[in-house]
K.L.:
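This is the structure I have questions about; it appears just below.
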Amino acid sequence: MALVMNDENQRLQHRRGFIRRDLAGIAVILVIAAICYFAFPDNLALLTRMITIALLVLSLDLVTGYCGVATLGHAALFGSGAYAAGILSAHYGINDPLLMMLAGITGGALAGLLCGAIILRAHGLPQLVLSIALINLFHEFANKASSWTGGSDGLSGIAPDPVFGLFEFDLYGHTAFFFGMALLLIVFVLLRVLVRSPFGMLCRAIKQDPLRIRAMGASPKAVLIRMYVISGAVAGVGGALNAISTQVVGLDSLSFTQSAEALVMLVLGGTGSLFGALSGTLIFMLFEDYVSAANPFHWLTMVGALLIAVVLFAPKGLYGTSAAFVSRRREQRS
């Protein structure tokens with residue numbers, strides 16, 4: 001009886017610890033958002049763009065960081081969500097932001113199902129090749145279907161209605177920024193619950209030892225496809241937000257460059273950590289914006305130097321390395 005009570009107390013303490021860390025993380029996100037809002041009052045479009053890319057990097061972390069699936073074509077999910085939301089508005093006149101967001105989630109999830117079913121048929125380097133092939137196919141399809149997507153000219157004519165009929169999407173980007181922050185917080189909380197759930201733990205176990213999971217009677221491929229669909233839905237949120245905030249969807253949303261940069265941001269912050277995905281996006285995009293403005297001719301050299309330094313001296317990413325250092329200090333004190 002005493003052992004049962006001790007186990008129950010330990011579980012409660014773990015849950016309280018998780019809740020405290022989640023609340024602290026949400027508080028940090030809100031503080032950083034407030035600082036950025038007041039620091040860049042005339043550049044809210046950049047901050048909203050950072051939110052859309054953060055959602056893409058979070059979705060990538062689900063399949064790469066938590067499941068160990070190698071991919072360089074994740075922008076296919078992001079772009080599918082953007083085009084789904086944009087087409088709903090431009091061609092069907094449905095301009096409600098929430099319905100456009102639902103279309104983006106659906107488009108991203110379907111793209112995730114398709115990409116997952118194909119990419120998961122291979123392992124390692126062949127997965128990377130398949131993902132690159134898929135992003136190129138998505139890009140070329142969007143380019144050829146110009147009657148629906150606008151092709152190389154981009155999809156225009158997107159005119160989202162005010163959120164809840166009250167908050168218009170103004171030229172200064174205030175509504176888009178707050179709408180994006182609300183979406184980011186909702187997605188972040190849901191993903192925190194997901195990665196700590198039995199399903200999330202199963203995905204981590206598949207990453208570490210898929211043969212053992214298969215021997216236990218579970219199907220790693222079926223689990224990973226489900227995670228790919230969830231990842232697509234998250235990327236679709238980012239794509240739809242991009243379509244709503246910029247009111248145009250271009251082929252760059254389906255580019256290989258977009259996928260590669262998302263992977264760089266994830267590695268920069270730290271894989272297998274939602275906080276790492278967010279911190280990597282924030283650091284990379286702010287650094288890129290600053291150095292490109294300060295030195296427009298050599299800014300890529302500076303970005304490359306930063307990435308080399310992080311890979312060499314912080315292989316777990318900036319957030320991952322910092323978290324590991326804090327954990328070691330706590331163990332030493334105890």
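Sequence positions, counted from 1, serve as the residue numbers for this chain.
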K.L.:
Please answer whether the main-chain N or O of Gly107 pairs with a side-chain N or O of Ser80 as donor and acceptor at a distance below 3.5 Å.
P.N.:
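Judged by distance alone, no pair lies under 3.5 Å.
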K.L.:
So how far is it from Tyr228 OH to Thr71 OG1, rounded to the nearest 0.5 Å?
P.N.:
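With rounding to 0.5 Å, OH (Tyr228) is 4.0 Å from OG1 (Thr71).
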K.L.:
Transitively linked via ILVMFWY side-chain contacts under 4.5 Å: Leu183 with Ile32?
P.N.:
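Same cluster: Leu183 reaches Ile32 through Ile, Leu, Val, Met, Phe, Trp or Tyr contacts under 4.5 Å.
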K.L.:
Where do Arg49 and Thr52 come nearest, in terms of heavy atoms and distance?
P.N.:
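For Arg49 and Thr52, the tightest heavy-atom pair comes out as O-OG1, 2.6 Å.
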K.L.:
Given the rule that I, L, V, M, F, W and Y join up when any side-chain heavy atoms are under 4.5 Å apart, are Met100 and Leu166 in one cluster?
P.N.:
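Cluster IDs for Met100 and Leu166 match.
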K.L.:
Would one find more than 12 heavy atoms of other residues, nucleotides or ligands at under 6.0 Å from atom OH of Tyr290?
P.N.:
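No, the 6.0 Å shell around OH holds no more than 12 heavy atoms from other groups.
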K.L.:
Picking from Leu194, Ile225, Leu190, Val63, what satisfies side-chain contact (heavy atoms from CB on, under 4.5 Å) with Ile230?
P.N.:
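For Ile230, the side-chain contact (heavy atoms from CB on, under 4.5 Å) check succeeds only for Leu194.
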K.L.:
Are the side chains of Leu268 and Leu307 in contact, using a 4.5 Å heavy-atom criterion?
P.N.:
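Counting from C-beta outward, Leu307 and Leu268 do come under 4.5 Å.
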K.L.:
So which atom in Ala82 and which in Ala243 form the shortest heavy-atom distance, rounded to 0.1 Å?
P.N.:
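Shortest heavy-atom contact: O-CB, 3.6 Å.
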K.L.:
So, the side chain of Asp61 versus the backbone of Ser273: is there a donor-acceptor pair under 3.5 Å, distance only?
P.N.:
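Yes, Asp61 side chain to Ser273 backbone: donor-acceptor pair under 3.5 Å.
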K.L.:
Counting N and O atoms only, with roles assigned by atom type, does the side chain of Glu168 sit under 3.5 Å from a partner on the main chain of Pro162, one being a donor and the other an acceptor?
P.N.:
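No, Glu168 side chain to Pro162 backbone: no donor-acceptor pair under 3.5 Å.
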K.L.:
Please name all residues satisfying side-chain hydrogen bond (donor to acceptor under 3.5 Å, both in side chains) with Ser253, sequence neighbours left out, ordered by chain then number.
P.N.:
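By the side-chain hydrogen bond (donor to acceptor under 3.5 Å, both in side chains) rule, Ser253 matches no residue at all.
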K.L.:
How about Val249 and Asn242: do any of their side-chain heavy atoms sit closer than 4.5 Å?
P.N.:
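Val249 does not reach Asn242 side chain to side chain.
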K.L.:
So do the side chains of Val310 and Leu306 get within less than 4.5 Å of each other, counting heavy atoms only?
P.N.:
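The answer is yes, as the side chains (C-beta and beyond) meet within the 4.5 Å cut-off.
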K.L.:
How about Ile135 and Leu72: do any of their side-chain heavy atoms sit closer than 4.5 Å?
P.N.:
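In short, these two side chains do not touch, never coming nearer than 4.5 Å.
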K.L.:
Just verifying a value: how many Å separate Leu77 CG and Leu55 CG, rounded to the nearest 0.5 Å?
P.N.:
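Taking CG in Leu77 and CG in Leu55, the distance rounds to 13.0 Å.
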K.L.:
For the pair Leu137 and Glu140, evaluate side-chain contact (heavy atoms from CB on, under 4.5 Å) and give the outcome as yes or no after the intermediate values.
P.N.:
CA-CA 5 Å; Leu137 286 174; Glu140 190 61 20; 5.8 Å; no
K.L.:
Looking only at non-hydrogen atoms, find the nearest pair between Phe138 and Leu114 and report the distance.
P.N.:
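What the structure gives for the nearest pair is CZ-CD2, 4.0 Å.
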K.L.:
Could you tell me the separation between the CD1 atom of Ile206 and the CG atom of Leu224, rounded to the nearest 0.5 Å?
P.N.:
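So the gap between those two atoms works out to 4.5 Å.
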K.L.:
Hey, are the side chains of Leu211 and Arg214 touching, using non-hydrogen atoms and a 4.5 Å cut-off?
P.N.:
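A side-chain contact exists here, since the closest heavy-atom pair is under 4.5 Å.
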K.L.:
Checking Ser245 side chain against Ala176 main chain: does a donor-acceptor pair fall under 3.5 Å?
P.N.:
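No, Ser245 side chain to Ala176 backbone: no donor-acceptor pair under 3.5 Å.
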K.L.:
Quick check for you: to the nearest 0.5 Å, what is the distance between Thr48 atom OG1 and Leu184 atom CG?
P.N.:
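One gets 11.5 Å once the value is rounded to the nearest 0.5 Å.
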K.L.:
Checking the side chain of Ser322 only, and the main-chain atoms of Leu318 only, is there a donor and an acceptor separated by less than 3.5 Å?
P.N.:
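Answer holds: yes.
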K.L.:
Excluding sequence neighbours, so at least two apart, what forms side chain to side chain contact (heavy atoms under 4.5 Å, CB included) with Phe40?
P.N.:
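Result, side chain to side chain contact (heavy atoms under 4.5 Å, CB included) vs Phe40: Cys36, Asn43, Leu47, Leu286.
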K.L.:
Go through Leu62 and Leu191 one step at a time and tell me if the side-chain contact (heavy atoms from CB on, under 4.5 Å) criterion holds.
P.N.:
CA-CA 9 Å; Leu62 292 179; Leu191 292 185; 3.9 Å; yes
K.L.:
Looking at Leu312, I want to see if its CG is surrounded by more than 12 non-hydrogen atoms of other residues, nucleotides or ligands under 6.0 Å.
P.N.:
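Check passes, neighbour count above 12.
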K.L.:
Is there a side-chain contact between Gln208 and Ile213 (heavy atoms, below 4.5 Å)?
P.N.:
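They are not in contact (no side-chain heavy atoms under 4.5 Å apart), so the answer is no.
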K.L.:
Identify the two heavy atoms, one from His139 and one from Leu251, that lie closest to each other, and give their separation to 0.1 Å.
P.N.:
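The answer is CD2-O, 3.5 Å.
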K.L.:
Determine whether a donor-acceptor pair (N or O, by modelled atom type, separation under 3.5 Å) exists between the side chain of Ser231 and the backbone of Met227.
P.N.:
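Not at all, since once roles are kept as given, no pair shorter than 3.5 Å links the two residues.
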K.L.:
Begin with the C-alpha distance, continue with both residues' side-chain angles, and end with the deciding distance and a verdict on side-chain contact (heavy atoms from CB on, under 4.5 Å) for His74 and Val57.
P.N.:
CA-CA 9 Å; His74 220 64; Val57 179; over 6 Å; no
K.L.:
Counting heavy atoms not belonging to Phe167, are there more than 12 under 6.0 Å from its CZ?
P.N.:
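Atom CZ in Phe167 is not crowded, with 12 or fewer foreign heavy atoms closer than 6.0 Å.
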K.L.:
To the nearest 0.5 Å, what is the distance between CE (Met50) and CG (Leu282)?
P.N.:
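Here the rounded value is 4.5 Å.
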K.L.:
Tyr37 vs Phe178 aromatic rings, parallel, tilted or perpendicular, using cut-offs 30° and 60°?
P.N.:
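Ring orientation of Tyr37 relative to Phe178: tilted.
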K.L.:
Applying side-chain contact (heavy atoms from CB on, under 4.5 Å), run through Phe179 and Leu98 and close with a yes or a no.
P.N.:
CA-CA 10 Å; Phe179 183 58; Leu98 299 182; 4.2 Å; yes
K.L.:
Taking the side chain as C-beta and beyond, is there a heavy-atom pair between Leu155 and Trp148 under 4.5 Å?
P.N.:
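Leu155 does not reach Trp148 side chain to side chain.
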K.L.:
For Ala70, is there any backbone N or O sitting under 3.5 Å from a side-chain donor or acceptor partner on Thr64?
P.N.:
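No: the side chain of Thr64 does not pair with the backbone of Ala70.
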K.L.:
Quick check: closest heavy atoms across Leu274 and Leu58, and the distance to 0.1 Å?
P.N.:
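Closest heavy-atom pair between Leu274 and Leu58: O-CD2, 3.7 Å.
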K.L.:
In the single-linkage hydrophobic clustering (I, L, V, M, F, W, Y; side-chain heavy atoms under 4.5 Å), do Ile283 and Val311 co-cluster?
P.N.:
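No; Val311 is not reachable from Ile283 via cluster members.
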K.L.:
Any side-chain hydrogen bond (donor to acceptor under 3.5 Å, both in side chains) involving residues 83-101? Give me the pairs, sequence neighbours left out, ordered by first then second residue.
P.N.:
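side-chain hydrogen bond (donor to acceptor under 3.5 Å, both in side chains) check on residues 83-101 returns Ser89-Asn95.
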K.L.:
Would a distance-only check, ignoring hydrogens and angles, find a side-chain to backbone donor-acceptor pair under 3.5 Å from Ser146 to Asn143?
P.N.:
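Such a contact is absent between Ser146 side chain and Asn143 backbone.
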K.L.:
Identify the heavy atoms of Cys115 and Ala76 that sit nearest to each other, and give their distance.
P.N.:
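Smallest heavy-atom distance, with atoms named: SG-CB, 4.3 Å.
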K.L.:
Determine, using the 4.5 Å side-chain heavy-atom cutoff (strictly less than), whether Tyr172 and Val248 are members of one ILVMFWY cluster.
P.N.:
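They do not share one cluster, since no chain of ILVMFWY contacts under 4.5 Å joins Tyr172 to Val248.
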K.L.:
When rounded to the nearest 0.5 angstrom, what distance separates CG in Leu241 from CG in Leu56?
P.N.:
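CG of Leu56 is found 12.0 Å from CG of Leu241.
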K.L.:
In terms of hydrophobic clusters joined by side-chain contacts under 4.5 Å, are Phe177 and Leu46 together?
P.N.:
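Result: yes, single cluster for both.
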